[in-house]
Amino acid sequence: MSKKRKKPVVEQIIKCPECNSTQISKDYSRAELVCDECGLVIVENLIDHGPEWRAFDSEQRRTRSRVGAPVNYMLSDKGLSTNLGWRNKDAYGKSIPTKNRPQVYRLRKWQRRARVINASERSLSLGFTELNKVSSSLGLPRSVRERAAVLYRQATKKNLIRGRSVQVIALASIYAACRLNNLPRTLDELGDISDVSRKDIGRTYRFLTRELDLKIMPTSPVDYVPRFCSKMKLDQDVTSKSIEILKEASDNELISGRGPVGLAAAAIYMSTVLNGCRKTQRDIAEVAGVTEVTIRNRYKELVKNLDIPFSL
DNA sequence: AAGACGAAAGTGGTTGA
DNA sequence: TCAACAACTTTCGTCTT
């Protein structure tokens, strides 16, 4: 594999701009540099040598293969209009010199081509626009976007969009893609940035996973911790302490059946207290999107069952 | 006055008949 | 399809700092 060759490329010491930590993980599968402490994604799309995809069946091999252009799942959107912007100055109204005639010809050609896009591709491109909008407002790495685009494409192909809005399918694809990449967002977060209710997104998500046969494990509370902590600007000790607490909790079977978000919130609450930088339950509740009551219930359980020296 | 606490009733989703 | 159920939320009064 060409993976061997990639390694030396990022050997320099890199510091996290957020928390100054030098503990940076290189995640090749996601092409990201991620700060171990605060979870900040420092560089996305780090390396792009060779295929970063794997094909598990012939269908994927076909949709993912790069014939011509480099891989880009936002295919039908593929810059038909942006490419035409060209480096000419005619945007200022100057007439196009004769020597640029070939370019004008190209423009016309593309325009002709753009017009023959069929209905299903048009709807795909609508969906991709939506995917892009949502994922940039959530700051999702490219890997997640592409995964979402794949899901969206499959949904289209299976005619799952019929009777549902483009938007809700896009949101559900993103939600699923986030979970598949272990960068879970809550349904509330998705609901907040769109005008689709959490309920609808959830329902569509379940529908998608069923129809596309996706096997998605329940999310781990740990996956939420770095993001919540960095949202509250907590320092790395708190983050790692929270994760430690959750590890212990999972050893003691306190995880299953509980909402992962509430658990993450409770663990963070506890570690802020333990680290002497206490946050109010309300603050954490707000960031995590659960109620204070839930935080209380969870952290009571944790205190009771794990012997953590914990007192207010 | 703000934060934490906990009881009680209500909500939405899952499960199993 | 329906009822039972567990987790979580909302609301609110009380206690603590």
Side-chain angles (χ1 to χ4, degrees), chain A residues 151 155 160 163-165 167-169 171-180 184-225 227-229 231-235 238 241-242 245-312:
Chain A
L151 296 177
L160 305 179
R164 272 166 267 266
S165 72
Q167 200 186 15
V168 77
I169 298 282
L171 288 163
S173 307
I174 290 204
Y175 180 72
C178 285
R179 290 186 56 162
L180 284 165
R185 309 288 134 157
T186 62
L187 287 171
D188 279 317
E189 285 173 287
L190 286 163
D192 285 346
I193 56 153
S194 63
D195 39 61
V196 180
S197 73
R198 176 173 57 102
K199 206 170 112 188
D200 286 338
I201 303 172
R203 183 167 354 102
T204 311
Y205 160 75
R206 258 175 284 119
F207 171 74
L208 271 191
T209 52
R210 185 156 31 86
E211 295 297 322
L212 299 180
D213 222 7
L214 299 175
K215 295 182 187 61
I216 301 183
M217 297 291 119
T219 60
S220 156
V222 176
D223 291 333
Y224 291 98
V225 170
R227 198 156 51 84
F228 290 161
C229 284
K231 257 193 193 168
M232 287 183 285
K233 306 225 188 311
L234 296 169
D235 64 38
V238 179
K241 186 75 193 168
S242 317
I245 294 173
L246 289 172
K247 288 265 161 62
E248 221 179 307
S250 93
D251 292 342
N252 291 49
E253 313 270 326
L254 291 171
I255 300 283
S256 79
R258 303 284 129 86
V261 180
L263 268 163
I268 293 171
Y269 175 68
M270 288 174 71
S271 50
T272 62
V273 175
L274 290 170
N275 274 39
C277 54
R278 176 186 202 134
K279 288 273 170 186
T280 64
Q281 294 178 352
R282 182 194 306 256
D283 287 342
I284 297 172
E286 196 171 324
V287 169
V290 293
T291 61
E292 298 146 77
V293 180
T294 304
I295 293 182
R296 283 200 286 276
N297 292 337
R298 283 302 84 76
Y299 106 82
K300 295 236 155 267
E301 286 170 12
L302 293 177
V303 170
K304 191 159 66 173
N305 294 291
L306 309 177
D307 41 55
I308 294 172
F310 191 84
S311 57
L312 299 172

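Any value given below was found using the heavy atoms of this structure, including those in side chains, with hydrogens, waters and symmetry copies removed. Convention: sequence-line order gives letters A, B, ...; per-chain numbering from 1.
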Rounded off to whole Å, could you give me the [atom1]-to-[atom2] distance for the [X] and [N] pair?
X	N	atom1	atom2	answer
A:Glu292	C:dC15	CD	P	19 Å
A:Ile295	C:dT10	CD1	P	13 Å
A:Asp283	B:dA4	CG	P	8 Å
A:Lys199	B:dT11	NZ	C1'	10 Å
A:Lys300	C:dA7	NZ	P	18 Å
A:Leu254	C:dA7	CG	C1'	15 Å
A:Glu286	B:dA4	CD	P	13 Å
A:Leu187	C:dA7	CG	P	19 Å

task = Hey, which sits more toward the 5' end of DNA chain B by its nearest nucleotide, A:Lys279 or A:Val293?
result = A:Lys279
Any side-chain N or O of [X] under 4.0 Å from OP1/OP2 of [N]?
X	N	result
A:Arg206	B:dT14	yes
A:Tyr299	B:dA4	no
A:Arg278	B:dA4	yes
A:Gln281	B:dA2	no
A:Arg258	C:dA7	yes
A:Arg298	C:dC8	yes

Got [X] and [Y] here, is their nearest side-chain heavy-atom distance under 4.5 Å?
X	Y	result
A:Ile268	A:Val287	no
A:Leu171	A:Thr204	no
A:Leu263	A:Tyr224	no

ask   = Out of B:dG13, B:dG3, C:dT10, which has the shortest distance to the side chain of A:Thr280?
value = B:dG3
message = Any salt bridge linking A:Lys231 with A:Glu189? Criterion: basic side-chain nitrogen under 4.0 Å from a carboxylate oxygen.
response = yes
request  = Establish, from distance only, whether the side-chain atoms of A:Asp223 and A:Ser220 form a donor-acceptor pair under 3.5 Å.
outcome  = no
ask   = Across the strands shown, which category fits A:Gly257 at heavy-atom distances under 4.0 angstrom: base, sugar-phosphate, nothing?
value = sugar-phosphate
ask   = Mind checking who C:dA6 pairs with, Watson-Crick or G-U wobble, both distances under 3.5 Å?
value = none
